[in-house]
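What follows is one structure encoded as structure tokens, with my remarks underneath.
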Amino acid sequence: MRNKEVAEKFYELAEVAELAGENPFKVKAYLEAARVIENLTIPIEDLAKEDKLDGIKGVGKSIAEKIKEYLETGKITKLEELKKVVPEGLLELEKVKGLGAKRVKILYEKLGIKNLEDLEKAAKEHKIRDLEGFGEKTEQKILEGIKSLRDKRTDRFLIGIALPIAESIVNLLSKNTPIEKHMICGSLRRMKDTIGDIDILVTSKNPSFVMDYFVQIPFVKEVLAKGDTKSSIITQEGIQVDLRVVENDSFGAAIQYFTGSKNHNVRLREIAIKKNLKLNEYGVFRLDDNAIIAGVKETDVYEALDLDWIPPEMREDTGEIELAMQHKLPTIVDYKDIKGDLHMHTKYSDGANTIEEMARKAISLGYEYIVVTEHAKALGVAHGLSIEEFKKEKEEINRLNRKFYPFKIFLGVELNILSDGSIDFDEKDLDIFDLCLAGIHTGMNQSESAITERIKKVLQIPKVKIIVHPTGRIINGRSEYSVNIDEIFREAKKYNKIFEINASFERLDLSDVNARKAVYEYGLKIAIGTDAHSTESMNNMRFGVGVARRAWLRKEDIINTKSLKEFEEFLREV
DNA sequence: GCCGTTTTCGGCCCGACTGTTTTCAGTCG
């Protein structure tokens with residue numbers, strides 16, 4: 001699967017082409033192609049082989065040729081030629097806030113500025129202020145921009161860090177200020193695995209009171225801006241939070257606008273134009289007489305465009321708009337559809353709580369069952385259990401099941417996929433388990449073919465049902481190990497295996513793109529497990545469901561939406 | 001360079017903000 005790689009090339013092509021002064025619409029076409037390829041669930045090399053590249057929306061004859069050329073030779077002639085005219089360093093100059101392609105080009109042509117160092121020197125020597133279109137303030141801003149670029153942490157924030165902060169701010173506002181409606185928008189509402197900043201929208205009859213309160217809440221580290229309708233702060237954690245107060249009549253249009261994604265919104269506005277309408281953050285307007293026809297409710301905004309309302313998690317312009325147009329959107333899984341948690345650890349291995357505490361927590365979450373899945377013996381660092389120890393755990397589970405009836409605890413295990421593709425126990429010993437998970441915890445630096453073969457080997461073990469955290473990524477920490485995920489999925493379908501969406505917010509593995517591929521391209525089923533090591537982290541289920549919703553998964557695609565009775569039937573088939 | 005339930009040619013999202021300007025270009029989200 002080389003989609004990501006090809007997409008990167010076209011992002012680069014777009015950047016370089018823009019700096020070279022190519023037709024802006026051509027640049028837009030490259031960007032659009034890159035984005036579509038990135039979100040494709042089918043390997044692009046397969047499409048190339050079958051000569052179906054120009055069937056991709058946004059890919060025409062010319063871009064199809066470039067894709068083919070890249071796949072065959074590793075190069076795009078057009079890109080190589082442009083690079084001869086555009087120095088490498090110009091790309092980083094665009095990252096300075098306030099500088100876009102146009103200004104970078106002027107700086108290069110008039111002052112010969114080729115990189116950050118040149119830029120800083122020129123600004124300090126006051127050479128920039130005399131250029132046409134530039135001035136003293138711009139020069140100052142450029143220096144500030146260079147500084148913040150160098151200071152800036154490049155990581156985005158994990159959703160599991162950002163969402164609780166956003167929620168506590170909303171709570172404080174609700175309690176202490178006269179706000180009426182409120183909504184956390186942006187990538188948080190879309191449940192992206194990482195977020196850049198927090199967007200909160202509220203309505204209020206007394207905006208200035210709300211703003212005065214907002215900029216002085218305890219965890220504010222810095223106030224970036226304070227106005228009547230918009231204020232921005234930086235929290236102690238370093239996350240930027242924007243609070244906007246909007247009119248009640250525009251609330252629906254505003255949350256639509258600020259939820260994004262950008263690409264989704266651009267498409268909506270294009271659709272509006274074709275219907276002789278205009279869409280902005282204030283509402284949907286008729287172009288003829290500027291009359292407002294929607295704005296209070298978000299559903300009305302979509303309806304005004306003849307679209308079904310689209311769940312925020314799906315708003316990435318990867319086909320959801322077309323389906324909404326035809327009224328064929330899938331009914332995606334709901335947060336309350338989850339009936340059990342399939343992956344957790346207790347004090348028996350490296351968890352912080354007892355089985356009983358985990359069970360009580362599960363009951364408080366409204367679950368009908370849990371599967372307790374300690375590490376198996378090969379994972380020494382995590383107190384992996386022997387078969388004898390699992391037998392003991394089983395006795396305690398039996399006792400607790402009598403106590404908590406009809407709620408049920410199952411005995412599972414998280415097996416290790418060892419470096420030769422074997423697992424911790426003999427297959428005959430696995431019969432004591434209700435459910436066997438298996439995952440890679442060691443030997444992640446092996447080659448793609450080695451890791452792929454390891455997993456394929458484990459797929460053949462009848463008793464192993466679920467592959468957990470299948471790509472091994474830790475967000476902002478460790479990238480995926482190299483594995484041919486298409487080959488794994490194809491093989492898994494033969495044996496009816498299931499893949500986990502690990503709901504721990506550092507992992508979220510499978511990712512949205514991979515989960516969608518597993519279900520929609522390979523017809524596989526998904527399990528969502530929190531991998532909780534404490535009662536507290538069982539709350540992370542919502543992040544896993546968020547990924548499932550971003551992957552367009554339906555209730556029936558996810559096995560832990562089954563009722564206890566259905567789940568027991570499922571286990572008997574295992 | 002792509003695309004077509006008005007189009008195979010002539011379009012290609014919207015508004016706010018900033019700084020440089022006397023009416024607007026560039027940038028951002």
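Order of the sequence lines sets the chain letters (A, B, ...), proteins ahead of strands, with each chain counted from 1.
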Scan K230(A) against the nucleic acid and name what it touches under 4.0 Å (heavy atoms): base, sugar-phosphate only, or nothing.
nothing
Would you measure the distance from the P atom in dC17(B) across to the matching atom in dC12(B) and give it in whole Å?
25 Å
Under a 4.0 Å heavy-atom cut-off, which of residues 248-258 of chain A touch DNA chain B?
Y257(A)
For atom C1', what is the distance between dC14(B) and dC9(B), given to the nearest Å?
25 Å
Rounded interatomic separation in angstrom, taking CD1 from I142(A) and C1' from dG26(B)
12 Å
Mind telling me whether Y520(A) and W552(A) have parallel, tilted or perpendicular rings, with 30° and 60° as the class edges?
perpendicular
Spacing of F285(A) atom CZ relative to dC14(B) atom P, expressed in whole Å:
13 Å
Quantified in whole Å, what is the P atom distance between nucleotide dT20(B) and nucleotide dT27(B)?
13 Å
dG29(B) C1' sits how many Å from N280(A) CG, rounded?
15 Å
Return the set of residues passing side-chain hydrogen bond (donor to acceptor under 3.5 Å, both in side chains) with Y11(A) (not counting sequence neighbours), or none when no residue passes.
E38(A)
Among residues at least two apart in sequence or on other chains, which ones pass side-chain contact (heavy atoms from CB on, under 4.5 Å) with D288(A)?
N276(A)
dG19(B) versus dT23(B) - spacing of their C1' atoms, nearest Å
14 Å
Contact list for residues 293-305 of chain A, test salt bridge (charged side-chain N to carboxylate O under 4.0 Å, His left out), sequence neighbours left out
R189(A)-E298(A), E298(A)-R315(A)
Report the distance from atom CG of L19(A) to atom C1' of dG26(B), rounded to the nearest whole Å.
14 Å
Strand partner of dT8(B), provided both Watson-Crick or wobble distances fall under 3.5 Å:
none
Less than 3.5 Å apart, which donor and acceptor atoms pair up between the side chains of residues 21-29 of chain A and the rest of the protein, not counting sequence neighbours?
residue, atom, partner, partner atom, Å
E22(A), OE1, K26(A), NZ, 3.0
E22(A), OE2, K78(A), NZ, 3.0
N23(A), OD1, F25(A), N, 2.8

Short side-chain donor-acceptor distance under 3.5 Å, R103(A) and T138(A)
no
Can you tell me the distance, in whole Å, between the NZ atom of K95(A) and the P atom of dC28(B)?
13 Å
Donor-acceptor pairs are to be reported for all side-chain atoms of residues 70-77 of chain A against protein atoms at under 3.5 Å, with residues two or more places apart or in another chain.
residue, atom, partner, partner atom, Å
Y70(A), OH, E5(A), OE2, 2.9
T73(A), OG1, E69(A), O, 2.7
T73(A), OG1, K75(A), N, 3.2
T73(A), OG1, K75(A), O, 3.2
T77(A), OG1, E69(A), OE2, 2.4

Give a yes-or-no answer on whether the side chains of T318(A) and E316(A) include a donor-acceptor pair shorter than 3.5 Å.
no
Of L131(A) and I63(A), the one whose closest nucleotide on DNA chain B sits nearer the 5' end is I63(A)
Starting at CD of E32(A) and ending at C1' of dG1(B), how long is that distance when rounded to a whole Å?
12 Å
Between dT22(B) and dA16(B), how many Å separate the two P atoms, rounded to a whole number?
23 Å
Nearest-0.5 Å distance that lies between atom CD1 in I239(A) and atom CD1 in I195(A):
5.5 Å
Rounded to whole Å, OH of Y30(A) lies from P of dC2(B) at a distance of 8 Å
Tell me every residue that passes ring-ring contact (aromatic ring centres under 6.0 Å, His included) with F134(A), counting only those two or more places apart in sequence or in another chain.
none
Mapping E132(A) and G98(A) to their closest nucleotides on DNA chain B, which lands nearer the 5' end?
E132(A)
Gap in Å between the two P atoms, one belonging to dG1(B) and one to dT6(B), rounded:
28 Å
Any residue meeting side-chain contact (heavy atoms from CB on, under 4.5 Å) with D242(A), in chain and number order, not counting sequence neighbours:
D197(A), D199(A), K230(A), S232(A), Q240(A), R244(A)
C1' atom, dG26(B) versus dT21(B): distance in rounded Å?
13 Å
List the residues meeting ring-ring contact (aromatic ring centres under 6.0 Å, His included) with F543(A), not counting sequence neighbours, and say none if there are none.
F505(A)
With a 4.0 Å cut-off on heavy atoms, is V59(A) in touch with a base, just the backbone sugar-phosphate, or nothing at all?
sugar-phosphate
What is the distance from CG of D197(A) to P of dG29(B), rounded to the nearest Å?
8 Å
Phosphate contact (dC28(B) OP1 or OP2) by K102(A) side-chain N/O below 4.0 Å:
no
Review item, nucleotides 5-12 of chain B N/O atoms under 3.5 Å of protein N/O:
none

Partner set under salt bridge (charged side-chain N to carboxylate O under 4.0 Å, His left out) for K9(A), not counting sequence neighbours
E12(A)
Listed pairs, N/O of protein and of nucleotides 17-19 of chain B, under 3.5 Å:
residue, atom, partner, partner atom, Å
dG19(B), O3', T138(A), OG1, 3.2

